[in-house]
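Letters A, B, ... mirror the listed sequences (proteins, then strands); counts begin at 1. Below, all heavy atoms of this structure are taken into account, side chains as well, without hydrogens, waters or symmetry copies.
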Amino acid sequence: MPGWQKFYHDLNNKNFEIISIAQDTGGAKAAAPWITAANPEYTALVDDKHLVTQLYGMVNVPTAVWINEKGQIVRPNEVAYVDNRFKQFTNIDALPYLDAIKDWVEKGDRSQFVMKEHEVKERLKAPSPDRATADAEFGMGEYLHNTGKAEDAIPHFKEAQRLDPDNWNYKRQAWALTDSEKNYNTTFMKEVQKLNGKPYYAPRTLPETKKP
Amino acid sequence: MLRILIYAAFAVLLIAGVASAAEERNSVVYDGVSTEVTASVDNGKNLWISMDDLKRSTHFVVKPQGVCRDELCFPLPAKRQADFISKRGDVTWFNLTAFAALVKQPVIRDEKNAVWFFGKRVDERGTYLASLEAPNFSLPDLNGKMHSLADYRGKKVLLITWASW
């Protein structure tokens with residue numbers, strides 16, 4: 001987050017806003033230390049019901065979406081790191097993506113990194129009925145967890161994970177709320193090891209920067 | 001004589017059992033808001049609630065043109081009205097789970113805690129597919145102040161989700 005603050009501050013563009021949204025069932029209590037430490041000049045919000053995860057069909061964090069001045073999606077869900085501290089695990093280089101954002105901020109819809117409508121449509125998937133049910137199971141789990149029924153929430157979190165198996169948010173959030181070894185018989189590290197070569201994040205495809 | 005008494009006692013218990021199982025306090029979570037309702041559950045799957053509870057918990061009301069909230073109305077299939085609306089004595093009951101099936105809305109029941117969680121209707125999902133319009137939302141900052149995506153119309157927005165976990 002301090003990285004995004006520096007990026008935003010240095011860009012210094014009144015026509016550009018960053019909205020960062022914590023996907024945390026634990027709410028402000030979980031997110032506040034990170035936000036306060038970064039002291040952002042941009043907008044930092046707290047989403048304790050994973051609404052944005054569900055509205056945008058996200059499966060992981062950090063995920064970013066580019067939205068233009070008319071409120072349209074011009075680059076849908078993509079992994080978005082501001083630095084390379086996890087590059088050895090993720091194989092994702094942050095710098096080309098940051099350069100792409102700068103190009104967009106400067107050139108707007110004329111930027112080569114803004115996707116054409118048909119490209120955006122190709123990437124956007126209709127939420128499947130299973131995903132819709134997974135969202136509702138996860139919502140039930142959150143409701144029970146936040147009304148003092150943490151143990152009863154677990155079968156619902158497990159069902160959400162079963163229905164949407166590629167959704168890391170639903171796995172990691174549920175594991176974070178309890179003793180994951182005891183209640184889910186696994187840990188984040190174990191699950192990552194099981195990937196066995198399959199990428200953790202969907203690969204990002206940026207057009208090659210055109211020569212001037 | 002004893003047998004008659006036993007049968008009578010059994011009948012009373014049966015009726016009492018049915019009557020007490022017929023209406024129970026349940027929680028309906030709809031659009032993220034929880035409301036206590038008096039529920040009548042049949043077959044373990046059908047959630048019947050009163051018209052008052054329907055309005056309180058979902059803001060939907062039954063009108064001649066269908067089940068409506070503001071300008072949005074869902075007509076009920078003409079031949080299957082009884083699946084959705086049932087008058088028992090003074091009270092008119094509405095089958096909220098049948099309505100959910102009609103509008104393709106997932107319903108999750110937690111029987112132990114007497115909670116029914118209603119997910120998004122099919123018309124609420126994937127709204128961006130045709131228009132590419134980024135779905136709007138309203139969420140609080142750390143000071144509790146609400147911000148909507150719509151507030152930032154006219155600016156480029158980089159929306160980034162992250163998590164403490």
Side-chain angles (χ1 to χ4, degrees), chain A residues 1 4 15-24 26 28 30-32 34-35 43-47 49 51-56 58 61-69 71-73 80 101 104-105 108 117 120-121 124 126-127 132-133 135-137 139-140 143-144 149 152 156 172-173 176, chain B residues 27-34 100 104-122 124-165:
Chain A
M1 285 202 67
W4 285 116
N15 192 37
F16 172 69
E17 181 66 17
I18 293 181
I19 304 181
S20 88
I21 311 179
Q23 301 297 288
D24 260 295
W34 302 92
I35 298 174
T43 304
L45 307 177
V46 180
D47 182 0
K49 295 190 175 69
L51 293 177
V52 174
T53 292
Q54 296 179 357
L55 278 172
Y56 288 78
M58 295 175 173
V61 291
T63 297
V65 179
W66 295 15
I67 301 166
N68 71 8
E69 293 90 332
Q72 291 172 310
I73 298 171
I101 297 171
W104 174 46
V105 173
E117 279 198 19
V120 179
K121 285 190 180 175
L124 291 177
T133 309
D135 290 349
E137 285 282 3
M140 172 64 99
Y143 174 79
L144 290 173
K149 310 279 190 222
D152 295 340
H156 294 287
R172 295 182 63 189
Q173 173 69 90
Chain B
S27 295
V28 166
V29 184
Y30 209 93
D31 292 329
V33 176
S34 175
K104 295 194 177 54
Q105 176 180 41
V107 184
I108 311 300
R109 182 185 186 193
D110 189 284
E111 200 174 335
K112 182 180 170 203
N113 292 289
V115 180
W116 300 74
F117 188 98
F118 288 78
K120 289 210 176 347
R121 305 185 307 264
V122 69
E124 294 177 293
R125 305 186 318 239
T127 54
Y128 45 73
L129 286 167
S131 65
L132 299 188
E133 202 180 300
N136 195 22
F137 52 82
S138 287
L139 291 168
D141 62 24
L142 277 189
N143 295 320
K145 181 182 169 203
M146 299 302 282
H147 299 250
S148 298
L149 177 64
D151 298 340
Y152 300 89
R153 190 63 68 92
K155 293 189 184 191
K156 296 181 195 62
V157 169
L158 180 69
L159 189 163
I160 314 174
T161 57
W162 64 283
S164 66
W165 38 260

> Do B/Leu129 and A/Lys121 have side-chain heavy atoms sitting under 4.5 Å apart?
Replying inline: no
> Looking at side-chain heavy atoms only, is the closest gap between B/Leu159 and A/Val52 below 4.5 Å?
Replying inline: yes
>> With chain B as the partner, which of A/Gln54, A/Gln173, A/Gln72, A/Glu117 has the greatest number of non-hydrogen pairs under 4.5 Å?
In response: A/Gln173
> What part of A/Phe16 lies closer than 4.5 angstrom to a heavy atom of chain B: side chain, backbone, both or neither?
Replying inline: both
>> Using a strict threshold of under 4.0 Å (side-chain N to carboxylate O), is an ion pair present between B/Lys120 and A/Asp135?
In response: no
> Between A/Met140, A/Arg172, A/Glu137, which shows the greatest number of heavy-atom pairs under 4.5 Å with chain B?
Replying inline: A/Met140
> With a 4.5 angstrom heavy-atom cut-off, which part of B/Ala150 approaches chain A: side chain, backbone, both or neither?
Replying inline: neither
> Where does B/Ser27 contact chain A at under 4.5 Å (heavy atoms): side chain, backbone, both or neither?
Replying inline: side chain
> Please walk me through it: do B/Arg121 and B/Lys104 pass side-chain contact (heavy atoms from CB on, under 4.5 Å)?
Replying inline: CA-CA 6 Å; B/Arg121 305 185 307 264; B/Lys104 295 194 177 54; over 6 Å; no
> What closest approach, in Å, do A/Met1 and A/Ser20 show between heavy atoms, and which atom pair accounts for it?
Replying inline: CE-OG, 3.7 Å
> Among side-chain atoms of A/Thr63 and A/Tyr56, is any donor-acceptor pair under 3.5 angstrom?
Replying inline: no
> In terms of heavy-atom pairs under 4.5 Å with chain B, which of A/Ala80, A/Ala176, A/Ala64 leads?
Replying inline: A/Ala64
>> Determine whether B/Val107 and B/Phe117 satisfy the following criterion, side-chain contact (heavy atoms from CB on, under 4.5 Å), listing intermediate values before the conclusion.
In response: CA-CA 6 Å; B/Val107 184; B/Phe117 188 98; over 6 Å; no
> Is any side-chain heavy atom of A/Thr133 closer than 4.5 Å to a side-chain heavy atom of B/Ile108?
Replying inline: yes
> In terms of side-chain geometry, is the basic nitrogen of B/Lys155 or A/Glu69 positioned less than 4.0 Å from the acidic oxygen of its partner?
Replying inline: no
> Top residue by heavy-atom pair count (under 4.5 Å) with chain A, among B/Ala130, B/Ala163, B/Ala134?
Replying inline: B/Ala134
> Among B/Gly32, B/Pro140, B/Gly126, B/Ser131, who wins on heavy-atom pairs under 4.5 Å with chain A?
Replying inline: B/Pro140
> Under a 4.5 Å heavy-atom cut-off, does chain A meet the side chain of B/Val29, its backbone, both or neither?
Replying inline: side chain
>> Heavy-atom pairs under 4.5 Å with chain B: which of A/Leu144, A/Ile67, A/Thr53 has the most?
In response: A/Ile67
> Counting heavy-atom pairs under 4.5 Å to chain B, which of A/Gly26, A/Gly139, A/Ala28, A/Gly108 comes out on top?
Replying inline: A/Gly139
> Which of parallel (below 30°), tilted (30 to 60°) and perpendicular (above 60°) describes B/His147 and B/Tyr152?
Replying inline: parallel
> With a 4.5 angstrom heavy-atom cut-off, which part of A/Met58 approaches chain B: side chain, backbone, both or neither?
Replying inline: side chain
>> I'd like to verify something: which residue of A/Asn68, A/Val120, A/Ile35 has the highest number of heavy-atom pairs under 4.5 Å with chain B?
In response: A/Ile35
>> If I measure from the heavy atoms of chain B, does A/Ala30 come under 4.5 Å with its side chain, its backbone, both, or neither?
In response: both
> Is it the side chain or the backbone of A/Asp47 that comes within 4.5 Å of chain B heavy atoms, both, or neither?
Replying inline: both
>> Under 4.5 Å from any heavy atom of chain B, what part of A/Leu51 do you find: side chain, backbone, both or neither?
In response: side chain
> Checking heavy atoms, do the side chain of B/Asp141, its backbone, both or neither come under 4.5 Å from chain A?
Replying inline: both
> Considering only heavy atoms, which portion of B/Tyr128 lies under 4.5 Å from any heavy atom of chain A: side chain, backbone, both, or neither?
Replying inline: both
>> With a 3.5 Å distance limit and no angle check, can you tell me whether B/Trp165 reaches the backbone of A/Gln23 through a side-chain donor-acceptor pair?
In response: yes
>> Among B/Trp162, B/Phe137, B/Trp116, which residue has the highest count of heavy-atom pairs closer than 4.5 Å to chain A?
In response: B/Trp162
> For the side chain of A/Glu17 and the backbone of A/Thr43, is there at least one donor-acceptor N/O pair under 3.5 Å apart?
Replying inline: yes
> What part of A/Trp4 lies closer than 4.5 angstrom to a heavy atom of chain B: side chain, backbone, both or neither?
Replying inline: side chain
